[in-house]
Amino acid sequence: MQVPLLDLKAQYSTIKSEVETAIAEVMESQHFILGPKVEQCERAIAKYSGCEFAVGVTSGSDALLACLMVENIGPGDEVITTPYTFFATVGAISRLGATAVFVDIDPVTYNLDVSQIAPKITPKTRAIIPVHLYGQMAEMDPIMALAQKQELIVIEDAAQAIGSEYKARRAGSIGHYGCFSFFPSKNLGAAGDGGMIVSNDGQRAEKLKVLRAHGSKPKYHHKVVGGNFRLDALQAAIVSAKLPHLDKWTAGRQRNASLYDRLFAEAGIAETCSAKAASVILPKVVTNRHIFNQYVIRVSRRDQLQAYLQKRGIGTEVYYPVPMHIQECFAYLGCKNGAFPESERAAKETLALPIYPELVESQLQYVVDCIRDFVLESEPDGDPSKQAVGSRL
Ligand SMILES: Cc1ncc(COP(=O)(O)O)c(C=O)c1O
(Lines give C-alpha, C1' and ligand atoms only; values in the text may rest on other atoms or scores of the structure.)
Protein backbone atom coordinates (compact mmCIF):
# COMPACT_ATOMS: atom_id res chain seq x y z
CA MET A 1 0.00 0.00 0.00
CA GLN A 2 1.15 3.56 -0.73
CA VAL A 3 0.24 6.42 1.62
CA PRO A 4 1.79 9.67 0.41
CA LEU A 5 2.14 12.59 2.79
CA LEU A 6 -0.13 14.61 0.53
CA ASP A 7 -2.02 13.83 -2.68
CA LEU A 8 -3.11 17.06 -4.35
CA LYS A 9 -4.32 15.16 -7.42
CA ALA A 10 -6.95 13.41 -5.29
CA GLN A 11 -8.35 16.80 -4.27
CA TYR A 12 -8.09 18.31 -7.75
CA SER A 13 -10.12 15.50 -9.33
CA THR A 14 -13.09 16.53 -7.13
CA ILE A 15 -13.00 20.24 -8.09
CA LYS A 16 -11.48 20.18 -11.57
CA SER A 17 -14.39 21.77 -13.42
CA GLU A 18 -14.78 24.61 -10.88
CA VAL A 19 -11.08 25.42 -10.99
CA GLU A 20 -10.99 25.25 -14.79
CA THR A 21 -13.96 27.62 -15.04
CA ALA A 22 -12.22 30.06 -12.68
CA ILE A 23 -9.03 29.94 -14.76
CA ALA A 24 -10.95 30.37 -18.01
CA GLU A 25 -12.67 33.49 -16.64
CA VAL A 26 -9.33 35.09 -15.86
CA MET A 27 -7.97 34.16 -19.28
CA GLU A 28 -11.02 35.65 -20.97
CA SER A 29 -10.67 38.86 -18.94
CA GLN A 30 -6.90 39.07 -19.58
CA HIS A 31 -6.73 40.90 -16.24
CA PHE A 32 -3.88 39.16 -14.45
CA ILE A 33 -2.64 41.39 -11.65
CA LEU A 34 -4.94 42.51 -8.79
CA GLY A 35 -8.35 43.57 -10.19
CA PRO A 36 -11.84 42.15 -9.59
CA LYS A 37 -10.81 38.50 -8.99
CA VAL A 38 -8.35 39.56 -6.31
CA GLU A 39 -10.90 41.89 -4.70
CA GLN A 40 -13.50 39.10 -4.70
CA CYS A 41 -11.01 36.74 -3.07
CA GLU A 42 -10.09 39.39 -0.49
CA ARG A 43 -13.73 39.88 0.47
CA ALA A 44 -14.28 36.13 0.79
CA ILE A 45 -11.18 35.51 2.93
CA ALA A 46 -11.92 38.52 5.13
CA LYS A 47 -15.42 37.17 5.80
CA TYR A 48 -14.16 33.63 6.35
CA SER A 49 -11.63 34.91 8.89
CA GLY A 50 -14.01 37.21 10.74
CA CYS A 51 -12.12 40.31 9.62
CA GLU A 52 -13.16 43.51 7.96
CA PHE A 53 -10.25 43.83 5.56
CA ALA A 54 -7.98 41.61 3.49
CA VAL A 55 -5.08 42.39 1.21
CA GLY A 56 -3.90 39.82 -1.34
CA VAL A 57 -0.13 39.46 -1.63
CA THR A 58 2.43 37.30 -3.40
CA SER A 59 3.04 34.78 -0.61
CA GLY A 60 2.82 34.13 3.10
CA SER A 61 6.45 35.20 3.37
CA ASP A 62 5.73 38.56 1.75
CA ALA A 63 2.63 38.95 3.91
CA LEU A 64 4.83 38.87 7.03
CA LEU A 65 7.39 41.17 5.46
CA ALA A 66 4.77 43.72 4.35
CA CYS A 67 3.22 43.91 7.85
CA LEU A 68 6.61 44.59 9.42
CA MET A 69 7.30 47.21 6.72
CA VAL A 70 4.01 49.01 7.37
CA GLU A 71 5.02 49.23 11.02
CA ASN A 72 8.39 50.65 9.99
CA ILE A 73 10.21 47.92 11.87
CA GLY A 74 13.92 47.82 11.09
CA PRO A 75 17.41 48.19 12.56
CA GLY A 76 17.40 48.67 16.32
CA ASP A 77 13.97 47.06 16.72
CA GLU A 78 13.28 43.69 18.32
CA VAL A 79 10.56 41.26 17.33
CA ILE A 80 9.63 38.36 19.60
CA THR A 81 8.83 35.02 17.97
CA THR A 82 9.36 31.28 18.14
CA PRO A 83 12.46 29.46 16.92
CA TYR A 84 10.32 26.43 16.00
CA THR A 85 8.73 27.63 12.78
CA PHE A 86 9.19 27.79 9.04
CA PHE A 87 12.09 30.00 8.00
CA ALA A 88 9.87 32.78 6.59
CA THR A 89 8.76 33.98 10.04
CA VAL A 90 12.26 34.85 11.11
CA GLY A 91 13.51 35.63 7.61
CA ALA A 92 11.07 38.55 7.36
CA ILE A 93 12.40 40.08 10.60
CA SER A 94 15.99 39.60 9.55
CA ARG A 95 15.53 40.97 6.03
CA LEU A 96 14.44 44.30 7.49
CA GLY A 97 17.48 44.50 9.73
CA ALA A 98 15.42 44.02 12.90
CA THR A 99 16.47 41.54 15.59
CA ALA A 100 14.54 38.33 16.20
CA VAL A 101 14.22 37.58 19.92
CA PHE A 102 13.24 33.99 20.54
CA VAL A 103 10.93 32.49 23.13
CA ASP A 104 10.81 28.72 23.53
CA ILE A 105 7.72 26.64 22.74
CA ASP A 106 5.20 24.84 24.88
CA PRO A 107 6.10 21.15 24.36
CA VAL A 108 2.45 20.12 24.11
CA THR A 109 1.20 22.54 21.45
CA TYR A 110 4.54 23.50 19.84
CA ASN A 111 3.38 27.13 19.96
CA LEU A 112 5.01 30.00 21.88
CA ASP A 113 5.21 29.38 25.62
CA VAL A 114 3.42 32.57 26.60
CA SER A 115 4.78 32.47 30.15
CA GLN A 116 8.25 33.16 28.73
CA ILE A 117 7.38 36.24 26.67
CA ALA A 118 7.29 39.01 29.29
CA PRO A 119 10.93 38.64 30.43
CA LYS A 120 12.03 39.04 26.80
CA ILE A 121 10.34 42.42 26.34
CA THR A 122 12.76 45.37 26.30
CA PRO A 123 12.38 49.05 25.35
CA LYS A 124 13.41 47.96 21.82
CA THR A 125 10.60 45.42 21.41
CA ARG A 126 8.15 46.48 18.72
CA ALA A 127 6.18 43.38 17.82
CA ILE A 128 5.31 39.78 18.62
CA ILE A 129 4.80 37.18 15.88
CA PRO A 130 2.99 34.15 17.28
CA VAL A 131 2.92 31.24 14.82
CA HIS A 132 -0.16 29.01 14.81
CA LEU A 133 1.85 25.89 14.13
CA TYR A 134 0.37 22.83 12.43
CA GLY A 135 -3.09 24.48 12.34
CA GLN A 136 -3.64 25.12 16.05
CA MET A 137 -3.68 28.69 17.33
CA ALA A 138 -1.28 30.04 19.91
CA GLU A 139 -2.65 31.28 23.22
CA MET A 140 -3.74 34.66 21.98
CA ASP A 141 -5.37 36.18 25.10
CA PRO A 142 -2.18 36.50 27.16
CA ILE A 143 -0.24 37.58 24.07
CA MET A 144 -2.73 40.37 23.33
CA ALA A 145 -2.82 41.42 26.98
CA LEU A 146 0.97 41.79 27.02
CA ALA A 147 0.97 43.55 23.67
CA GLN A 148 -1.66 46.03 24.82
CA LYS A 149 0.18 46.77 28.03
CA GLN A 150 3.50 47.31 26.25
CA GLU A 151 2.07 48.87 23.07
CA LEU A 152 3.37 46.14 20.79
CA ILE A 153 2.13 45.09 17.38
CA VAL A 154 0.92 41.49 17.01
CA ILE A 155 1.29 39.81 13.64
CA GLU A 156 -0.30 36.37 13.59
CA ASP A 157 1.63 33.98 11.37
CA ALA A 158 -1.43 32.01 10.35
CA ALA A 159 0.19 30.50 7.25
CA GLN A 160 -0.74 27.01 8.50
CA ALA A 161 -3.96 27.95 10.22
CA ILE A 162 -6.66 29.41 7.98
CA GLY A 163 -10.03 28.74 9.63
CA SER A 164 -8.60 27.62 12.97
CA GLU A 165 -10.10 29.16 16.09
CA TYR A 166 -9.09 30.24 19.57
CA LYS A 167 -12.08 30.81 21.88
CA ALA A 168 -14.35 30.94 18.81
CA ARG A 169 -12.24 33.64 17.13
CA ARG A 170 -10.66 32.87 13.79
CA ALA A 171 -6.95 32.86 13.06
CA GLY A 172 -5.86 36.27 11.86
CA SER A 173 -8.70 38.17 13.52
CA ILE A 174 -7.14 38.74 16.96
CA GLY A 175 -3.81 40.44 16.29
CA HIS A 176 -3.27 43.67 14.36
CA TYR A 177 -2.58 41.52 11.31
CA GLY A 178 -3.06 37.90 10.27
CA CYS A 179 -0.92 36.40 7.51
CA PHE A 180 -2.03 33.47 5.35
CA SER A 181 -0.15 31.40 2.80
CA PHE A 182 -1.75 29.85 -0.27
CA PHE A 183 1.30 27.68 -0.97
CA PRO A 184 -0.13 24.65 -2.82
CA SER A 185 0.31 22.21 0.08
CA LYS A 186 -1.55 24.43 2.55
CA ASN A 187 -5.17 23.57 3.49
CA LEU A 188 -6.27 26.28 1.07
CA GLY A 189 -3.66 26.20 -1.65
CA ALA A 190 -3.30 28.08 -4.93
CA ALA A 191 -1.62 26.76 -8.08
CA GLY A 192 1.57 28.58 -7.22
CA ASP A 193 2.61 31.11 -4.61
CA GLY A 194 0.08 33.42 -3.03
CA GLY A 195 -0.82 34.92 0.32
CA MET A 196 -3.13 37.29 2.12
CA ILE A 197 -3.14 39.61 5.11
CA VAL A 198 -6.29 40.14 7.11
CA SER A 199 -6.90 42.95 9.56
CA ASN A 200 -9.67 44.80 11.35
CA ASP A 201 -7.80 48.07 11.01
CA GLY A 202 -8.75 49.94 7.84
CA GLN A 203 -5.78 52.30 7.98
CA ARG A 204 -3.32 49.45 8.19
CA ALA A 205 -5.07 47.63 5.34
CA GLU A 206 -4.88 50.75 3.21
CA LYS A 207 -1.16 51.13 3.91
CA LEU A 208 -0.64 47.49 2.93
CA LYS A 209 -2.38 48.08 -0.39
CA VAL A 210 -0.08 50.98 -1.16
CA LEU A 211 2.99 49.06 -0.03
CA ARG A 212 2.23 45.97 -2.15
CA ALA A 213 2.45 48.16 -5.27
CA HIS A 214 5.88 49.69 -4.61
CA GLY A 215 4.37 52.29 -2.29
CA SER A 216 2.77 53.98 -5.28
CA LYS A 217 -0.09 56.41 -4.49
CA PRO A 218 -1.18 58.10 -6.65
CA LYS A 219 0.32 56.08 -9.49
CA TYR A 220 4.03 56.81 -10.02
CA HIS A 221 4.22 58.91 -6.84
CA HIS A 222 5.96 57.24 -3.91
CA LYS A 223 5.91 58.48 -0.33
CA VAL A 224 7.21 55.14 0.92
CA VAL A 225 9.34 52.35 -0.53
CA GLY A 226 7.23 49.23 -0.95
CA GLY A 227 7.68 46.16 -3.08
CA ASN A 228 5.96 44.11 -5.72
CA PHE A 229 3.76 42.06 -3.41
CA ARG A 230 0.69 41.91 -5.68
CA LEU A 231 -1.43 38.77 -5.73
CA ASP A 232 -2.23 37.70 -9.28
CA ALA A 233 -5.75 37.11 -10.50
CA LEU A 234 -5.25 33.47 -11.51
CA GLN A 235 -4.20 32.51 -8.00
CA ALA A 236 -7.00 34.55 -6.47
CA ALA A 237 -9.59 32.94 -8.75
CA ILE A 238 -8.36 29.45 -7.87
CA VAL A 239 -8.36 30.20 -4.14
CA SER A 240 -11.91 31.61 -4.42
CA ALA A 241 -13.05 28.48 -6.26
CA LYS A 242 -11.59 26.26 -3.55
CA LEU A 243 -12.73 28.26 -0.51
CA PRO A 244 -16.34 26.92 -0.47
CA HIS A 245 -14.84 23.42 -0.03
CA LEU A 246 -12.49 24.32 2.80
CA ASP A 247 -14.80 23.50 5.72
CA LYS A 248 -15.53 20.07 4.25
CA TRP A 249 -11.79 19.44 3.80
CA THR A 250 -11.11 20.64 7.34
CA ALA A 251 -13.77 18.25 8.63
CA GLY A 252 -12.01 15.46 6.71
CA ARG A 253 -8.69 16.31 8.35
CA GLN A 254 -10.34 16.45 11.79
CA ARG A 255 -12.02 13.10 11.15
CA ASN A 256 -8.67 11.59 10.17
CA ALA A 257 -7.03 13.03 13.29
CA SER A 258 -9.70 11.44 15.50
CA LEU A 259 -9.31 8.20 13.62
CA TYR A 260 -5.55 8.20 14.17
CA ASP A 261 -6.13 8.90 17.87
CA ARG A 262 -8.44 5.89 18.11
CA LEU A 263 -6.26 3.57 16.02
CA PHE A 264 -3.12 4.45 18.01
CA ALA A 265 -5.00 3.82 21.25
CA GLU A 266 -6.31 0.47 19.94
CA ALA A 267 -2.80 -0.48 18.88
CA GLY A 268 -1.71 0.10 22.49
CA ILE A 269 1.12 2.45 21.58
CA ALA A 270 -0.41 5.84 22.29
CA GLU A 271 1.28 7.65 25.13
CA THR A 272 -1.86 7.30 27.21
CA CYS A 273 -1.71 3.46 27.01
CA SER A 274 -0.04 2.30 30.19
CA ALA A 275 1.22 -1.05 28.90
CA LYS A 276 3.95 0.07 26.53
CA ALA A 277 7.10 1.86 27.46
CA ALA A 278 7.97 2.78 23.88
CA SER A 279 5.06 5.02 23.04
CA VAL A 280 3.88 7.56 20.53
CA ILE A 281 2.77 10.97 21.73
CA LEU A 282 -0.24 12.17 19.79
CA PRO A 283 -1.10 15.79 19.01
CA LYS A 284 -3.19 17.48 21.67
CA VAL A 285 -6.08 19.72 20.75
CA VAL A 286 -6.29 22.59 23.23
CA THR A 287 -8.15 25.22 21.20
CA ASN A 288 -11.66 24.83 19.91
CA ARG A 289 -10.85 24.43 16.20
CA HIS A 290 -7.61 22.76 15.17
CA ILE A 291 -7.53 22.52 11.38
CA PHE A 292 -4.74 19.91 11.21
CA ASN A 293 -2.57 21.36 8.51
CA GLN A 294 -0.34 18.69 9.99
CA TYR A 295 -0.89 15.72 12.31
CA VAL A 296 2.40 15.56 14.18
CA ILE A 297 3.44 12.77 16.50
CA ARG A 298 6.42 12.67 18.80
CA VAL A 299 8.58 9.57 19.07
CA SER A 300 12.03 8.57 20.13
CA ARG A 301 14.19 7.23 17.25
CA ARG A 302 12.26 9.51 14.91
CA ASP A 303 14.71 9.31 12.00
CA GLN A 304 14.72 5.52 12.12
CA LEU A 305 10.91 5.50 12.15
CA GLN A 306 10.79 7.84 9.16
CA ALA A 307 13.12 5.56 7.17
CA TYR A 308 11.10 2.50 8.26
CA LEU A 309 7.87 4.07 7.05
CA GLN A 310 9.41 5.25 3.80
CA LYS A 311 10.43 1.67 2.99
CA ARG A 312 6.79 0.70 3.48
CA GLY A 313 5.43 3.33 1.11
CA ILE A 314 4.40 5.88 3.74
CA GLY A 315 5.32 9.53 3.26
CA THR A 316 6.18 11.63 6.31
CA GLU A 317 7.97 14.91 6.93
CA VAL A 318 9.91 16.61 9.68
CA TYR A 319 8.64 20.14 10.40
CA TYR A 320 11.30 21.33 11.31
CA PRO A 321 14.63 19.58 11.80
CA VAL A 322 16.68 22.70 12.65
CA PRO A 323 15.19 25.41 14.89
CA MET A 324 15.79 28.97 13.75
CA HIS A 325 18.15 30.00 16.56
CA ILE A 326 20.74 27.48 15.37
CA GLN A 327 20.41 28.16 11.64
CA GLU A 328 23.75 29.19 10.18
CA CYS A 329 22.41 32.46 8.77
CA PHE A 330 21.17 33.53 12.23
CA ALA A 331 24.46 32.78 14.01
CA TYR A 332 24.92 36.55 14.37
CA LEU A 333 22.09 36.52 16.93
CA GLY A 334 24.47 34.67 19.22
CA CYS A 335 22.08 31.89 20.34
CA LYS A 336 23.73 28.66 21.33
CA ASN A 337 22.66 25.05 21.11
CA GLY A 338 20.66 24.35 24.25
CA ALA A 339 19.23 27.88 24.47
CA PHE A 340 15.70 26.70 23.58
CA PRO A 341 15.54 23.11 24.77
CA GLU A 342 11.89 22.41 23.94
CA SER A 343 12.32 23.60 20.36
CA GLU A 344 15.48 21.54 19.99
CA ARG A 345 13.80 18.45 21.44
CA ALA A 346 10.78 18.88 19.17
CA ALA A 347 13.10 19.19 16.18
CA LYS A 348 14.53 15.76 17.06
CA GLU A 349 11.29 13.96 17.93
CA THR A 350 8.41 15.19 15.78
CA LEU A 351 7.10 13.55 12.64
CA ALA A 352 4.16 14.62 10.46
CA LEU A 353 1.97 11.79 9.21
CA PRO A 354 -0.36 11.84 6.18
CA ILE A 355 -3.60 13.62 7.21
CA TYR A 356 -5.10 14.98 3.97
CA PRO A 357 -8.89 14.64 3.77
CA GLU A 358 -9.10 12.14 0.90
CA LEU A 359 -7.31 9.41 2.90
CA VAL A 360 -9.40 6.35 3.69
CA GLU A 361 -9.47 4.38 6.94
CA SER A 362 -7.51 1.42 5.56
CA GLN A 363 -4.61 3.76 4.75
CA LEU A 364 -4.60 5.21 8.27
CA GLN A 365 -4.82 1.69 9.70
CA TYR A 366 -1.79 0.73 7.61
CA VAL A 367 0.20 3.74 8.89
CA VAL A 368 -0.63 2.87 12.51
CA ASP A 369 0.11 -0.84 11.96
CA CYS A 370 3.54 0.00 10.56
CA ILE A 371 4.31 2.36 13.46
CA ARG A 372 3.17 -0.29 15.95
CA ASP A 373 5.48 -2.84 14.28
CA PHE A 374 8.35 -0.37 14.54
CA VAL A 375 7.62 0.35 18.19
CA LEU A 376 7.33 -3.33 19.09
CA GLU A 377 10.53 -4.19 17.23
CA SER A 378 12.31 -1.53 19.28
CA GLU A 379 10.82 -2.36 22.69
CA PRO A 380 13.03 -1.05 25.49
CA ASP A 381 15.93 -3.38 26.18
CA GLY A 382 17.82 -1.29 28.63
CA ASP A 383 18.90 1.30 26.11
CA PRO A 384 17.62 4.64 27.47
CA SER A 385 17.45 6.11 23.96
CA LYS A 386 14.63 3.64 23.28
CA GLN A 387 12.55 4.68 26.25
CA ALA A 388 9.28 6.50 25.94
CA VAL A 389 9.48 10.20 25.32
CA GLY A 390 6.13 10.72 27.00
CA SER A 391 7.33 10.66 30.55
CA ARG A 392 8.81 14.14 30.24
CA LEU A 393 5.62 15.90 29.28
C1 LIG B 1 4.56 29.11 9.55
C2 LIG B 1 4.78 29.63 8.16
N3 LIG B 1 5.07 30.93 7.99
C4 LIG B 1 5.24 31.45 6.78
C5 LIG B 1 5.15 30.68 5.64
C6 LIG B 1 5.46 31.29 4.32
O7 LIG B 1 4.45 31.15 3.37
P8 LIG B 1 4.79 31.09 1.82
O9 LIG B 1 5.36 29.75 1.53
O10 LIG B 1 3.47 31.31 1.16
O11 LIG B 1 5.74 32.19 1.52
C12 LIG B 1 4.84 29.32 5.76
C13 LIG B 1 4.70 28.47 4.58
O14 LIG B 1 5.32 27.50 4.35
C15 LIG B 1 4.66 28.77 7.06
O16 LIG B 1 4.39 27.48 7.23
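Atoms within a ligand are numbered from 1 in the order they appear, just like the ligands themselves.
For His245 and Gln11, the side-chain atoms include no donor-acceptor pair closer than 3.5 Å.
In this structure, of Ser181, Gly192, Ser185, Ser61, the residue bringing a heavy atom nearest to atom 10 (O) of ligand 1 is Ser181.
Near Thr85, meaning under 4.0 Å from one of its heavy atoms, ligand 1 places the atoms 1 (C). The atoms of ligand 1 that sit less than 4.0 Å from any heavy atom of Ser59 are 10 (O), 11 (O). For ligand 1, the atoms lying closer than 4.0 Å to a non-hydrogen atom of Ala159 are 2 (C), 3 (N), 4 (C), 5 (C), 12 (C), 15 (C). Interface of Lys186 with ligand 1, defined as ligand atoms under 4.0 Å from a residue heavy atom, comprises 12 (C), 13 (C), 14 (O), 16 (O). If you number the atoms of ligand 1 from 1 as listed, the ones under 4.0 Å from a heavy atom of Gly60 come out as 6 (C), 7 (O), 8 (P), 10 (O), 11 (O). Close contacts between ligand 1 and Val131 involve ligand atoms 1 (C) [criterion: under 4.0 Å to a heavy atom]. The Gln160 neighbourhood of ligand 1 comprises atoms 1 (C), 16 (O), with distances under 4.0 Å to a heavy atom of that residue.
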Discussion item. Please evaluate residues Tyr177 and Asp157 with respect to the criterion side-chain hydrogen bond (donor to acceptor under 3.5 Å, both in side chains), reporting the C-alpha separation (whole Å), side-chain torsions for both, the decisive distance (0.1 Å), and the verdict.
Written reply: CA-CA 9 Å; Tyr177 306 90; Asp157 183 340; over 6 Å; no

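Cation-pi geometry between Arg204 and Phe53 is not satisfied (NZ or CZ under 6.0 Å from the ring centre, within 45° of the ring normal).
When non-hydrogen atoms are compared, ligand 1 lies under 4.0 Å from the side chain of Ala88 (C-beta onward) but not from its backbone. By the criterion of a heavy-atom distance under 4.0 Å, neither the backbone nor the side chain of Asp62 is placed next to ligand 1.
A salt bridge between Asp104 and Arg345 is absent, with no side-chain N of the basic residue lying under 4.0 Å from a carboxylate O of the acidic one. A salt bridge does not link Lys120 to Glu78: none of the charged nitrogens lies less than 4.0 Å from a carboxylate oxygen.
Scored by the ring-ring contact (aromatic ring centres under 6.0 Å, His included) test, Phe183 finds no partners at all (sequence neighbours excluded). For Lys348, the salt bridge (Lys or Arg N to Asp or Glu O under 4.0 Å) test picks out no residue, with sequence neighbours left out.
Listed for the Asp106 side chain is no donor-acceptor partner under 3.5 Å among the backbone atoms of Asn111.
No heavy atom of His132 sits closer than 4.0 Å to any atom of ligand 1.
If you check which protein heavy atom lies closest to atom 3 (N) of ligand 1, you get Asp157 OD2, 2.8 Å.
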